[in-house]
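Below is one structure; the comments refer to it alone.
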Amino acid sequence: MRVEYVEAVLEVVERIPAGSVLSYGDVADLLGSGGARQVGTAMSRHGSAVPWWRVLRAGGHAPKGLEAEALTHYLQEGTPLRGDYLRFAGMGEGRWRVDLTAARWMPSEEDLDALDLIAEHLETSLRKLSVANDGMTE
DNA sequence: ATTCTGACTTGCT
DNA sequence: AAGCAAGCCAGAA
């Protein structure tokens, strides 16, 4: 996975405001490159320095293995949740999910501009590399 | 080229 | 809610 891709993913995640979230697939769509799995891989390996809990599965479940820690962040940020999170909030246990329809980030116009810029930059740098590789192959 | 492996997704039981 | 199968995209062996 190219560093340009990882950086683009992280830039997008950093723009998600507290209390909002995006699914892995959402991020991939915004980038216009790769898929949900790629975003997941990038976050798994390089996401520790950004608000990683704001990117999660399409069904509203937090990233595998990080549910407890994610829940504390959701409670702090007031992220819309569904389920029995109240009862076990302290331990991060119980059945709960982020209410994606309510919590999904709706970027403002300027945010959209910034996101477009990120996607565009990513596209051009990836294109350059593929051209360079074609040259090598021949 | 083939197979396996993922912080994935969608549809169906 | 939980499990499964398929489809998905990329990297590694």
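Scope of the values below: all heavy atoms of this structure, side chains included, with no hydrogens, waters or symmetry mates. Order of the sequence lines fixes the chain letters, A, B, ..., with proteins taken first and strands second; residue numbering starts at 1 for each chain.
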Interatomic distance where [atom1] belongs to [X] and [atom2] belongs to [N] [whole Å]:
{"X": "A/L31", "N": "B/dC8", "atom1": "CG", "atom2": "P", "answer": "16 Å"}
{"X": "A/L100", "N": "B/dC8", "atom1": "CG", "atom2": "P", "answer": "14 Å"}
{"X": "A/H46", "N": "C/dG11", "atom1": "NE2", "atom2": "P", "answer": "11 Å"}
{"X": "A/D29", "N": "B/dC8", "atom1": "CG", "atom2": "P", "answer": "16 Å"}
{"X": "A/R45", "N": "C/dC9", "atom1": "CZ", "atom2": "P", "answer": "18 Å"}
{"X": "A/E67", "N": "C/dA1", "atom1": "CD", "atom2": "P", "answer": "14 Å"}
{"X": "A/L71", "N": "B/dA7", "atom1": "CG", "atom2": "C1'", "answer": "17 Å"}
{"X": "A/L122", "N": "C/dA10", "atom1": "CG", "atom2": "P", "answer": "11 Å"}

I want to check one thing: is the phosphate of C/dG11, taken as OP1 and OP2, less than 4.0 Å away from some side-chain N or O of A/R37?
no

Among [options], which is the nearest nucleotide to the side chain of [X]?
{"X": "A/S44", "options": "B/dA7, B/dT10, B/dC8", "value": "B/dA7"}
{"X": "A/A58", "options": "B/dA7, C/dA1, B/dT9", "value": "B/dT9"}
{"X": "A/A36", "options": "B/dC8, B/dA7, C/dA1", "value": "B/dC8"}
{"X": "A/R57", "options": "C/dA1, B/dT9, B/dA7", "value": "B/dT9"}

In terms of the nearest nucleotide of DNA chain B, which residue is placed more toward the 5' end: A/D26 or A/T41?
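Comparing both residues, the 5'-ward one is A/T41.
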
Do the ring planes of A/W96 and A/Y74 sit parallel (below 30°), tilted (30 to 60°) or perpendicular (above 60°)?
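If you compare the ring of A/W96 with that of A/Y74, the planes turn out perpendicular.
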
Using modelled atom types and a 3.5 Å cut-off, is there a donor and acceptor pairing between side-chain atoms of [X] and backbone atoms of [Y]?
{"X": "A/R54", "Y": "A/I16", "result": "yes"}
{"X": "A/R97", "Y": "A/G59", "result": "yes"}
{"X": "A/Y5", "Y": "A/S33", "result": "yes"}

Could you say whether A/H61 or A/Q38 is positioned toward the 5' end of DNA chain C, judged by the nucleotide with the nearest heavy atom to each?
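Taking each residue's closest nucleotide, the earlier one in sequence belongs to A/H61.
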
Report which part of the nucleic acid A/M1 touches: base, sugar-phosphate, or nothing (heavy-atom distance under 4.0 Å, all strands).
sugar-phosphate

Should the pair A/R57-A/E67 be classified as a salt bridge under the 4.0 Å nitrogen-to-oxygen rule?
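Answer for the salt bridge query: yes.
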
Which whole number of Å gives the distance between the P atom of B/dC12 and that of C/dC8?
16 Å

